[in-house]
Trainee: 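Before I ask anything, let me first share the structure, which is written out below as structure tokens.
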Amino acid sequence: MDPFLPNSVSTAAILLFCLLPLAAPFTVIPSDSGLIDAPQNGQRSRARTDAREQEAVLDVMRATGNAWAAGIVDVCRGRWHGIECMPDRDDVYHVVSLSFGVLSDDTAFPTCDPARPYISPSVTKLPHLRTLFFYRCFTHNPQPIPAFLGRLGSTLQTLVLRENGHVGPIPSEIGNLTRLRVLDLHNNNLNGSIPGSLGRVAGLTSLDLSGNRLTGSMPGFGFPSLRVLDLNQNLLTGSIPSTLGTCLSLIKIDLNHNHLIGPIPESINHLRDLILLDLSYNHLSGPFPESLKDMTSLEALILKGNPMESVTIPNDWFAGMNVLTILVLSNMNLHGPIPESLGRLPSLLVLHLDRNRLNGSIPETFQNLRSIAELRLNDNRLTGPIPFGREMIWRMRRKLRLYNNSGLCYDGGSGFEDGSGIGSCDAAAARSGSARTVQHTSEGNDGDMTRKVQASSSVEARHRFLLVLPQFLIASIVFIPLLS
């Protein structure tokens, strides 16, 4: 994703999904580790850091440009923010977590020297290491992800190399980290394919390889504990594997901005806990899978920018999605009417149906969207009166986009005045009637009565048409990088 835009209603929700893997504690100490969950200083006054680990940590610090650490007699007892240690039963401290980079003012780990920092092989001399975290450390000194990290396979549970400018492929040795729970390589310059060796890391709960230049197809992995899968903004090709439906713990899938083809697999309906599904800006084809309507936990569904080849939106497709908050179906070549069921979604905040070929009227059920904050229906073929009241129109203001629907009009007193070129229904009717009268009176005497009856019937029919048309509206969002 690109940097988030703060003016979007959905920003908070999307930010939560993106940072979800980092929300949990980094370090998890298994019961069989031989370590004791006890304070690192104060109460255990006799405990000292293992001498080999002390030297290994100092070497890692020197490699990142933090030579100041050489003056620390005991790295665990005189610890800084960014190192975590645990004692064993013999009162010996062991390093379990190392973190570098400034996430925020409140989370300031040691920074990396921009000149020539690197990851020291000495990290492999930390036999109890559970977490290794580098954030924006090597952007001025791009380097491959070192293959020797695979030697931490017996202990490492969290590996975060985020926004570091890493180049080259993901080393296959990463598959040796069989106890890994979190793998985050977001926003580097990695290329090549996703290594099949990752399939050996069966306990993964979060996999984020987004913002790279990865190619090839998505592997058919089945991770039973995986909760977050983020591969957005890569160059992945091929179809979405049906094995994705076996990852039953997923709550977030983000595959936007790739080159994926084919239909959305029906097996996705097995993901009953899924909250966010973003498949936007690929080359997916229709029809909409019937299975999606069974995913009643979905809060955000984003499919924009996929050319669905004249697909219609099934009327009952959204009937059970009572917690759906964000629905983005822009620029998908959709045609036909807008389903009335969309107006019965009680939690909907953002609805984008713009830049399609939708026709008919805005459903009257849209009056029931009491929480709607962004609605985009622009650039369609909609007709008839806009069914929104003054309060709804004023609440959305500029986030209500209806332009480039030449058949829409608004009733007087609705409060709709956006300068979009949409006129009042009364004025449209008057213009229509006036045009017919002028045309009639210009006729010659022969057949005047017949023409008068025909013209009158035509005007009357058009007036009836405007009165009986259901009312329909499509909304637009400024969505942030995820929707850009």
Trainee: Using the salt bridge (Lys or Arg N to Asp or Glu O under 4.0 Å) rule, collect all pairs that involve residues 214-226, keeping only residues at least two apart or in two chains.
Mentor: none
Trainee: Enter the distance from Leu248:CG to Leu271:CG here, rounded to the nearest 0.5 Å.
Mentor: 6.5 Å
Trainee: Quick check: does any side chain N or O of Thr365 sit under 3.5 Å from a backbone N or O of Arg344, one acting as donor and the other as acceptor?
Mentor: no
Trainee: Keeping the roles fixed (side chain from Asn306, backbone from Leu284), state whether a donor-acceptor pair exists under 3.5 Å.
Mentor: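 Checked: pair present.
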Trainee: Mind checking side chain to side chain contact (heavy atoms under 4.5 Å, CB included) for Arg355 and listing every partner two or more places apart, or none if nothing turns up?
Mentor: Lys304, Ser330, Asn331, Asp379
Trainee: Report the distance from atom OG1 of Thr158 to atom CG of Leu177, rounding to the nearest 0.5 Å.
Mentor: 11.0 Å
Trainee: Determine yes or no for a side-chain-to-main-chain donor-acceptor pair under 3.5 angstrom, with Asn258 supplying the side chain and Leu236 the backbone.
Mentor: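 Side chain of Asn258 to backbone of Leu236, a donor-acceptor pair under 3.5 Å: yes, one is there.
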Trainee: Would you check if the side chain of Asn404 reaches a backbone N or O of Asn378 as a donor-acceptor pair within less than 3.5 Å?
Mentor: no
Trainee: For residues Pro307 and His283, report the shortest heavy-atom separation together with the two atoms involved.
Mentor: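 Closest approach of Pro307 to His283, heavy atoms only: CD-CA, 4.1 Å.
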Trainee: Of the non-hydrogen atoms in Pro387 and Pro363, which two are nearest, and what is the gap between them?
Mentor: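 Reported closest heavy-atom pair: CG-O, 3.8 Å.
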Trainee: List the atom of Leu292, the atom of Ile268, and the distance in Å for their closest heavy-atom pair.
Mentor: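 For Leu292 versus Ile268, the nearest heavy atoms are CD2-CG2, 4.1 Å.
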Trainee: Scan the side chains in residues 217-224 for donor-acceptor partners under 3.5 Å anywhere in the protein, sequence neighbours excluded, and list what turns up.
Mentor:
none

Trainee: Does any pair with a residue in residues 140-174 pass ring pair (Phe, Tyr, Trp, His ring centres under 6.0 Å), and if so which ones, sequence neighbours excluded?
Mentor: Phe138-His166
Trainee: Can you check whether Asp230 reaches Lys252 side chain to side chain, under 4.5 Å on heavy atoms?
Mentor: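 A side-chain contact under 4.5 Å exists here.
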Trainee: With sequence neighbours excluded, tell me which residues meet salt bridge (Lys or Arg N to Asp or Glu O under 4.0 Å) with Asp294.
Mentor: none
Trainee: Can you see which heavy atom on Ser242 is nearest to which on Ser267, and at what distance?
Mentor: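 Smallest heavy-atom distance, with atoms named: O-OG, 2.7 Å.
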Trainee: Phe133 and Leu103: side chain to side chain contact (heavy atoms under 4.5 Å, CB included), yes or no, with the steps?
Mentor: CA-CA 11 Å; Phe133 183 100; Leu103 284 172; 3.8 Å; yes
Trainee: Without hydrogens or angle criteria, can the side chains of Asn356 and Arg381 be said to hold a donor-acceptor pair below 3.5 Å?
Mentor: no
Trainee: Looking only at atom types and distance, does a side-chain atom of Asp59 sit under 3.5 Å from a main-chain N or O of Val57, one as donor and one as acceptor?
Mentor: no
Trainee: Go through the steps for Leu276 and Ile251 under the test side chain to side chain contact (heavy atoms under 4.5 Å, CB included), then give the verdict.
Mentor: CA-CA 6 Å; Leu276 181 146; Ile251 62 174; over 6 Å; no
Trainee: Dump the intermediate steps for side chain to side chain contact (heavy atoms under 4.5 Å, CB included) on Phe288 and Leu303, then the final yes or no.
Mentor: CA-CA 10 Å; Phe288 287 113; Leu303 303 177; 3.8 Å; yes
Trainee: Is it the case that the side chains of Arg357 and Asn333 hold a donor-acceptor pair, with the cut-off being a distance below 3.5 Å and no angle test?
Mentor: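 Yes - a donor-acceptor pair under 3.5 Å links their side chains.
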Trainee: Side chain to side chain contact (heavy atoms under 4.5 Å, CB included) between His128 and Thr155: does it pass, once the steps are laid out?
Mentor: CA-CA 6 Å; His128 299 275; Thr155 61; 5.5 Å; no
Trainee: Measure the CE-CD distance between Met396 and Glu391 for me, rounded to the nearest 0.5 Å.
Mentor: 10.5 Å
Trainee: When you measure from the side chain of Asn191 to the backbone N and O of Leu214, does any donor-acceptor pair fall under 3.5 Å?
Mentor: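 Judged by distance alone, no pair lies under 3.5 Å.
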Trainee: Please give me the minimum heavy-atom distance between Ser172 and Pro195, naming the atom from each residue.
Mentor: CA-CB, 4.3 Å
Trainee: In Å and rounded to the nearest 0.5 Å, what is the CG to CG distance from Leu327 to Leu342?
Mentor: 6.0 Å
Trainee: Is the side chain of Asn188 donor-acceptor paired with the backbone N or O of Leu161 at a distance under 3.5 Å, no angle test?
Mentor: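 Side chain of Asn188 to backbone of Leu161: a pair is present.
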Trainee: Between Arg395 (side chain only) and Arg370 (backbone N and O only), is there a donor and an acceptor less than 3.5 Å apart?
Mentor: yes
Trainee: Taking the side chain as every heavy atom from C-beta outward, state whether Leu229 and Leu244 have any atom pair closer than 4.5 Å.
Mentor: yes
Trainee: Name all residues meeting the salt bridge (Lys or Arg N to Asp or Glu O under 4.0 Å) criterion together with Glu53; count only those two or more places apart in sequence or in a different chain, and write none if there are none.
Mentor: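 With sequence neighbours excluded, Glu53 shows a salt bridge (Lys or Arg N to Asp or Glu O under 4.0 Å) to no residue whatsoever.
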Trainee: Hey, what do you get for CZ (Arg130) to CD (Gln157), rounding to the nearest 0.5 Å?
Mentor: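 One gets 6.0 Å once the value is rounded to the nearest 0.5 Å.
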Trainee: Counting only N and O atoms by type, is there a donor-acceptor contact under 3.5 Å from the side chain of Asp254 to the main-chain atoms of Asn232?
Mentor: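 Checking the backbone N and O of Asn232 against the side chain of Asp254, no donor-acceptor pair under 3.5 Å is found.
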Trainee: Please list all pairs passing the ring pair (Phe, Tyr, Trp, His ring centres under 6.0 Å) test where one or both residues lie in residues 367-386, with sequence neighbours left out.
Mentor: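 Every candidate ring pair (Phe, Tyr, Trp, His ring centres under 6.0 Å) pair involving residues 367-386 fails, so no pair, neighbours aside, qualifies.
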Trainee: Side chains of Leu159 and Leu152: does their closest heavy-atom pair fall under 4.5 Å?
Mentor: no
Trainee: Which pairs would a plain distance check flag for residues 316-325, meaning a side-chain donor or acceptor within less than 3.5 Å of a matching protein atom at least two apart in sequence or in another chain?
Mentor:
{"from": "Asp316", "atom 1": "OD2", "to": "Lys293", "atom 2": "NZ", "distance (Å)": "3.4"}
{"from": "Trp317", "atom 1": "NE1", "to": "Pro289", "atom 2": "O", "distance (Å)": "3.1"}
{"from": "Thr325", "atom 1": "OG1", "to": "Val323", "atom 2": "O", "distance (Å)": "3.2"}

Trainee: Once disulfide (SG to SG under 2.5 Å) is applied, what residue pairs with a partner in residues 345-395 remain, sequence neighbours excluded?
Mentor: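 Residue pairs with at least one partner in residues 345-395: there are none.
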Trainee: How would you list all residue pairs meeting ring pair (Phe, Tyr, Trp, His ring centres under 6.0 Å) that involve residues 227-248, not counting sequence neighbours?
Mentor: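 Listed by first then second residue: nothing to list.
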Trainee: Check whether any side-chain heavy atom of Thr205 sits under 4.5 Å from a side-chain heavy atom of Val228, and report yes or no.
Mentor: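 Not in contact.
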Trainee: Determine whether Asn405 and Ile422 make a side-chain contact, defined as any pair of heavy atoms from C-beta on separated by less than 4.5 Å.
Mentor: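 Not in contact.
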Trainee: Should Asp273 and Arg227 count as an ion pair when the cut-off is N to O under 4.0 Å?
Mentor: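 No salt bridge links Asp273 with Arg227.
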Trainee: Verify, without hydrogens or angle tests, whether Gln143 (side chain) and Pro117 (backbone) share a donor-acceptor contact under 3.5 angstrom.
Mentor: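 At least one qualifying donor-acceptor pair exists.
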Trainee: Do you know the tightest heavy-atom contact between Leu190 and Val167?
Mentor: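 So the minimum-distance heavy-atom pair works out to CD2-O, 4.0 Å.
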Trainee: Side chain to side chain contact (heavy atoms under 4.5 Å, CB included) with Thr237: which residues, sequence neighbours excluded?
Mentor: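 Side chain to side chain contact (heavy atoms under 4.5 Å, CB included) check on Thr237 returns His259.
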Trainee: Does the ring centre of Phe100 sit less than 6.0 Å away from the ring centre of Phe134?
Mentor: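 Ring-ring flag for Phe134/Phe100: true, centres closer than 6.0 Å.
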Trainee: To the nearest 0.5 Å, tell me how far Leu204 CG sits from Leu180 CG.
Mentor: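 Here the interatomic distance stands at 5.5 Å.
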Trainee: Would you please name every residue forming a side chain to side chain contact (heavy atoms under 4.5 Å, CB included) with Leu369, sequence neighbours left out?
Mentor: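 Leu369: side chain to side chain contact (heavy atoms under 4.5 Å, CB included) contacts with Leu348, Phe366, Ile372.
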